[in-house]
Protein chains: 2
Amino acid sequence: MAKITDVARHAGVSPSTVSYALSGKRPISDETRRRVEEAARALGYRPHAGARALASSRSNVLALVVPLRAGIHVPVVMQFVVSVVTAARRHDHDVLLLTQEEGEEGLRRVADTALVDALILMDVQLHDPRLSLLRSLERPSVMIGFPLEADGLTCIDLDFRAAGERCVEHLAQLGHRVVGLVGSPPEVYVRGTAFAQRVVQGFTAAADRAGLASAVHPCEATPAAARRVAERLLREQPALTGVVVHNEAVLEPLIDAFEQLGLRVPADLSVTAICPDELAAGLHVPVTSVALPSAEVGERAVGLLMRKLDGGTVPEATLLPPALTLRASTAPRTVSPR
Amino acid sequence: MAKITDVARHAGVSPSTVSYALSGKRPISDETRRRVEEAARALGYRPHAGARALASSRSNVLALVVPLRAGIHVPVVMQFVVSVVTAARRHDHDVLLLTQEEGEEGLRRVADTALVDALILMDVQLHDPRLSLLRSLERPSVMIGFPLEADGLTCIDLDFRAAGERCVEHLAQLGHRVVGLVGSPPEVYVRGTAFAQRVVQGFTAAADRAGLASAVHPCEATPAAARRVAERLLREQPALTGVVVHNEAVLEPLIDAFEQLGLRVPADLSVTAICPDELAAGLHVPVTSVALPSAEVGERAVGLLMRKLDGGTVPEATLLPPALTLRASTAPRTVSPR
DNA sequence: GGGTGACGTCGAAGCGCTTCGACGGGGGAA
DNA sequence: TTCCCCCGTCGAAGCGCTTCGACGTCACCC
């Protein structure tokens, strides 16, 4: 591999000039810059990442901690991952993948060894054990999700509480009086996963506020569980006409189950969801939904980190407002009896 | 951050001794090693990754290129990713994530800048444009999947051809005479994705060999498509009694569709699949399947890379033999008419 | 006309680690 | 006893880059 001294010699300048010409950190004459670039191209020069990291104390790598736990929907995680990687590349950074299993030790390791410049965490819990670690690290971090106590930390996410509210309000406006929430798998709540809890809060609060009867049902991520929940919902709330689904894996099976139970969507039952748009739009009954904007979240998470790395200051909390897209799965409540 | 000189001073030895004590690359007396370890612990010493990479010309990072293309089943990809990351950590390496979109330039970049020591590629095509690049890189690589011309490259994967054969043989042994393959989405074949093609070859060859009537149907990854394929299969091959499914996304919807069309599995129709064991085992009819051993493949891919990095020599091709697990979805053909 | 910056470039000093060669001392072989 | 070699440790030389301070040049202004 050609090194910077080779480029310098080839261009007839000093190594430092090559560095400045390529980085733009000091003014360099057009003529010189041209020669340097030409030499770099001719030699196929690639700066050595380790050397650069050592000299500049910047590795240009971000750590991304992905969850692998039961109950989280893998395709959604992957969407985040991809959007983070893509955004990072736009900022000339690469992404190192850590699994949740690596735990706090993993975070500390990549931070302390200066392997990464900054960290992004997903799947934050309300009482996340990593919070104090993040505060003590000398490297900036962004969490995708909101813990209960985030003082001094930077968080970003969809406003899940508002998303839950928005879905209920939509149903209420359509005249529905009895609504149900089909939520994430039980273990997700048990762990205290932030976004899942917030949806429940928003759902319940909005239902109470609008005077609706409501019930919450966690649901395993299997079609069989979806069917059981559908049956249970109808048994326990016979007057049910509106459902909010916050569980990507069972959205489709759930609708199928309702239909097999003799309910037409949306004639008999209105369904809204909080999930990625592609999912909601791609079902045989396109579902009215609040989008889970993973691309935007990932991108903005990276943007926040970049600003912090540049010494800038960023808001501690970034809550993306929910956007409800009307599709074919919701309709005004018909008063006709079942 | 404490540096190696701090540890050396604290332990009363020279920096090089610290390095040797910690790496074990030269004999160090027990007493000295103990003092060094003690000092390192006391100071919370973490070697600087960049410095280490520069001095040793080893970054201890592997690149993993993940596919994001249409038609690939995301959870399966994630399984590979996790197994690679986990295996890499066991070998004291980290994993840098690259998306397919980064393309050859991305590969060249991380390799040439010495950001990574080695590369793992997934989703290999029969005529993969990256092959010649890989050959020209000075860093070792392993491909998960087999291109047509892999001379000089290292590949590992399930033997998909044999897997296809194995499924057919199983059905043939059970007396089935008319079989169908429900394959991956059409675009996967159009791209020339290696493993998909090989399943088709194996399926067809084994069917011909056993004198079975057979047909191949690519299938989009949606329940609606699954249903269409089920109907088409029965229409075009009315005597069909055996099906091989190589498409994780539609396995369950397909079985549902068959059942809704009045066929009982396995009484009227035997179904086998090539997919992760958890998927096959978790359905309401547990499906006889050839396992997709993503954990083993990822782990062995990393193992191969490690051996190459250590200057060892490894086989160019590693084909994992298919293992068929009998479950409830296959049964001897009943001669009774439908 | 001399002072003053700004511009463009260079040289040198590290960044923190690994590794090579060297060296003193002690034990085993002759 | 002598020689040799190996063990355990040290010092120094980088690895390839960035960055800081310095310096010469030139334009500009008073």
Side-chain angles (χ1 to χ4, degrees), chain A residues 1-37 39-40 43-61 92 109-117 138 309, chain B residues 1-37 39-40 43-61 92 109-115 117 138 309 311:
Chain A
M1 264 298 50
K3 44 182 99 170
I4 199 170
T5 50
D6 299 328
V7 178
R9 195 174 326 118
H10 195 279
V13 298
S14 77
S16 55
T17 298
V18 173
S19 178
Y20 287 125
L22 261 23
S23 74
K25 294 192 179 175
R26 279 200 184 174
I28 294 291
S29 70
D30 287 350
E31 163 59 10
T32 303
R33 185 196 332 287
R34 222 196 30 68
R35 283 217 318 286
V36 169
E37 285 166 355
L43 301 179
Y45 170 67
R46 299 278 196 169
H48 186 286
R52 191 199 275 263
L54 179 57
S56 67
S57 53
R58 281 299 202 89
S59 67
N60 274 36
V61 175
D92 195 30
R109 181 175 59 81
V110 296
D112 287 354
T113 59
L115 223 197
V116 306
D117 294 336
E138 68 286 25
L309 282 172
Chain B
M1 266 298 52
K3 44 182 98 167
I4 199 169
T5 52
D6 299 326
V7 177
R9 196 172 327 116
H10 194 281
V13 298
S14 76
S16 54
T17 299
V18 173
S19 177
Y20 287 125
L22 261 25
S23 73
K25 295 192 179 174
R26 278 201 185 177
I28 295 289
S29 70
D30 286 349
E31 163 60 9
T32 302
R33 185 195 332 286
R34 220 197 31 69
R35 285 217 317 287
V36 168
E37 284 166 355
L43 300 179
Y45 168 66
R46 299 279 196 167
H48 186 287
R52 193 200 275 265
L54 179 56
S56 67
S57 54
R58 279 298 203 89
S59 67
N60 275 36
V61 174
D92 195 31
R109 182 175 58 80
V110 297
D112 286 353
T113 60
L115 223 197
D117 294 336
E138 68 286 24
L309 281 172

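Just so it is clear, the structure is predicted and the values come from calculations on it, not from any experiment.
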Next item on the list: For B/Arg58 and C/dG16, give me the distance from atom CZ to atom C1', rounded to whole Å.
Entry: 19 Å
Next item on the list: Send over the distance from A/Ile4 CD1 to D/dT18 C1', rounded to a whole Å.
Entry: 8 Å
Notebook entry, point to check: Going by an N to O cut-off under 4.0 Å, is there a salt bridge joining B/Asp6 and B/Lys3?
Noted result: no
Next item on the list: Whole angstrom is fine here: how far is it from NZ in B/Lys25 over to P in C/dG21?
Entry: 16 Å
Next item on the list: In plain terms, say whether A/Glu31 and A/Arg34 are close enough for a salt bridge, that is, a side-chain N and a carboxylate O under 4.0 Å apart.
Entry: yes
Note to self: Please find the pair of heavy atoms, one from A/Ala2 and one from A/Leu43, that lie closest to each other, and give the distance.
What the structure shows: CB-O, 3.7 Å
Notebook entry, point to check: Could you give the CZ-to-C1' distance, from A/Arg52 to D/dT18, as a whole number of Å?
Noted result: 9 Å
Checklist line | Separation of atom CG in B/Asn60 from atom P in C/dC17, rounded to whole Å | finding: 14 Å
Note to self: What contact category does B/Ser19 fall into here, base, sugar-phosphate, or nothing, at under 4.0 angstrom with non-hydrogen atoms?
What the structure shows: base
Check: Rounded to whole angstrom units, what separation is found between the NE2 atom of B/His48 and the C1' atom of D/dC17?
Finding: 12 Å
Next item on the list: Look at the side chain of A/Asp117 and the backbone N and O of A/Asn60, then say whether any donor-acceptor pair between them is shorter than 3.5 Å.
Entry: yes
Notebook entry, point to check: Which letter, B, S or -, goes with each nucleotide of nucleotides 5-11 of chain C from 5' to 3', with contact meaning a protein heavy atom under 4.0 Å?
Noted result: ---SBBB
Next item on the list: Check the distance between D/dG16's C1' and B/Asp112's CG and give it to me in whole angstrom.
Entry: 15 Å
Can you list, pair by pair, the side-chain donor-acceptor contacts under 3.5 Å of residues 15-23 of chain A, counting residues two or more places apart and other chains?
unit_1	atom_1	unit_2	atom_2	d
A/Ser16	OG	A/Ser14	OG	3.0
A/Thr17	OG1	A/Ser14	OG	3.1
A/Ser23	OG	A/Ser19	O	3.1
A/Ser23	OG	A/Lys25	N	3.2

Notebook entry, point to check: Whole Å only: how far is the CG atom of B/Asp6 from the C1' atom of C/dC17?
Noted result: 13 Å
Margin query: Could you measure the distance from the NE2 atom of A/His10 to the OG1 atom of A/Thr5? Nearest 0.5 Å is fine.
Written below: 13.0 Å
